[in-house]
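Worksheet for the structure shown next.
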Amino acid sequence: SKATVSVLNCPDDTPAPPSFTMFRLAARMQNRAFSAVRVLNQPVLYTKSHEWVNVEGSKATLGVTHFAQEELGEVVYIDLPEVDAEIVAGEDYGTVESVKATSSLVAPVGGKVSEVNAEVEENTGLINESPEDKAWLCKLENVQVPNEGLMTREEYDAYLESEA
């Protein structure tokens with residue numbers, strides 16, 4: 001059996017990172033094929049417009065940050081895209097309305113909407129209670145991750161500090 005690992009944005013002939021050597025070795029030792037279409041070991045990423053994205057393989061989950069919900073105040077309405085809608089990174093994909101303002105939701109990545117959080121649509125207060133967990137907004141498939149514009153948690157925290 002042959003074990004292979006295909007890494008995100010790498011041609012097939014690019015070697016896998018050293019951390020995946022153990023996976024290959026284990027697969028060979030068990031005489032089974034190990035195949036991963038896409039491997040992406042990234043934490044949640046953030047944008048300057050205060051959205052977050054969790055990319056897992058070719059799928060992603062989108063939401064707004066704790067900072068965004070604090071700035072918005074009590075969320076009273078949200079307009080999310082329909083399932084199967086195509087979202088483009090950097091473009092608006094919905095709106096969130098609070099007692100203070102209406103704000104556009106800007107997509108940190110592109111892809112096709114596979115699921116919308118109906119619980120958030122029914123209970124917009126969930127955004128204020130759990131913005132980076134239970135109040136995810138939508139899930140995408142066939143994700144296209146931009147080469148720039150996304151920050152790690154540490155970079156996002158530093159950005160917030162610089163804007164204060």
Side-chain angles (χ1 to χ4, degrees), residues 4-24 26 34-73 75 78-81 85-96 98 100-101 103-117 119-120 124-164:
T4 60
V5 176
S6 176
V7 179
L8 173 68
N9 293 332
C10 293
D12 290 337
D13 61 343
T14 301
S19 61
F20 295 104
T21 301
M22 291 305 293
F23 287 121
R24 282 195 233 138
F34 173 78
S35 177
V37 174
R38 185 172 166 200
V39 177
L40 182 60
N41 187 16
Q42 284 187 316
V44 174
L45 299 171
Y46 301 84
T47 68
K48 288 183 178 180
S49 56
H50 309 292
E51 283 90 14
W52 59 263
V53 59
N54 184 10
V55 179
E56 297 180 40
S58 64
K59 298 181 181 193
T61 304
L62 309 182
V64 297
T65 65
H66 181 73
F67 178 84
Q69 72 81 25
E70 281 184 332
E71 291 295 301
L72 285 167
V75 177
I78 189 153
D79 180 35
L80 296 174
E86 290 290 334
I87 291 179
V88 178
E91 293 187 7
D92 294 354
Y93 72 94
T95 56
V96 60
S98 73
K100 292 182 183 179
S103 297
S104 295
L105 296 167
V106 180
V109 297
K112 182 178 177 181
V113 177
S114 60
E115 186 177 351
V116 174
N117 190 344
E119 191 174 349
V120 167
T124 56
L126 195 57
I127 293 171
N128 296 111
E129 296 166 20
S130 183
E132 295 185 35
D133 184 29
K134 295 178 184 172
W136 58 271
L137 302 178
C138 63
K139 295 187 179 191
L140 306 179
E141 56 188 27
N142 303 321
V143 173
Q144 301 97 44
V145 180
N147 292 329
E148 53 187 49
L150 298 176
M151 298 176 276
T152 64
R153 183 75 218 195
E154 294 77 20
E155 292 167 332
Y156 180 66
D157 288 343
Y159 170 73
L160 292 177
E161 291 272 327
S162 72
E163 295 292 307

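None of these values were measured; they are calculated from a predicted model.
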Please indicate whether E86 has more than 12 foreign heavy atoms, meaning atoms of other residues, nucleotides or ligands, lying under 6.0 Å from its CD. yes
Is it true that a side-chain atom of W52 and a backbone atom of V64 form a donor plus acceptor pair closer than 3.5 Å? yes
Mark yes or no for whether E148, through its side chain, and P146, through its backbone, hold a donor-acceptor pair below 3.5 Å. no
Could you state the interatomic distance from OG1 (T65) to CD (E71), rounded to the nearest 0.5 Å? 9.0 Å
What pair of heavy atoms forms the shortest contact from V120 to K134, and how long is it? CG2-O, 4.3 Å
Throw together a table of side-chain donor-acceptor distances under 3.5 angstrom for residues 108-116, partners on residues two or more places apart or in other chains.
unit_1, atom_1, unit_2, atom_2, d
S114, OG, K139, O, 3.2

How long is the gap from OG1 on T95 to CG on D79, to the nearest 0.5 Å? 4.5 Å
Which residues pass the ring pair (Phe, Tyr, Trp, His ring centres under 6.0 Å) test with F67, sequence neighbours left out? H50
Is E51 close to V53 at the side-chain level, that is, under 4.5 Å between some pair of heavy atoms? no
Audit row: L80, L105, side-chain contact (heavy atoms from CB on, under 4.5 Å) steps and yes/no: CA-CA 9 Å; L80 296 174; L105 296 167; 3.9 Å; yes
Identify the two heavy atoms, one from N54 and one from E56, that lie closest to each other, and give their separation to 0.1 Å. ND2-OE2, 3.1 Å
List the atom of D92, the atom of S104, and the distance in Å for their closest heavy-atom pair. OD2-OG, 3.2 Å
Which distance, rounded to the nearest 0.5 Å, do you find between the CG of L126 and the CH2 of W136? 10.5 Å
Atom pair OG1/CD of T124 and E129 - distance to nearest 0.5 Å: 9.5 Å
To the nearest 0.5 Å, what is the distance between CD1 (I87) and CD (Q144)? 10.5 Å
Of all the heavy-atom pairs spanning S49 and V106, show the shortest one and how long it is. OG-CB, 3.9 Å
With a 4.5 Å limit on heavy-atom distance, are the side chains of N117 and L137 in contact? no
Checking Y93 now: which residues fulfil ring pair (Phe, Tyr, Trp, His ring centres under 6.0 Å) with it, not counting sequence neighbours? none
Is it the case that the side chain of N128 and the backbone of G73 share a donor-acceptor pair, with hydrogens and angles ignored and the cut-off at 3.5 Å? yes
In this structure, CG of L140 is separated from OG1 of T61 (nearest 0.5 Å) by 8.0 Å
Are any side-chain N or O atoms of S98 and backbone N or O atoms of K100, one a donor and one an acceptor, separated by less than 3.5 Å? yes
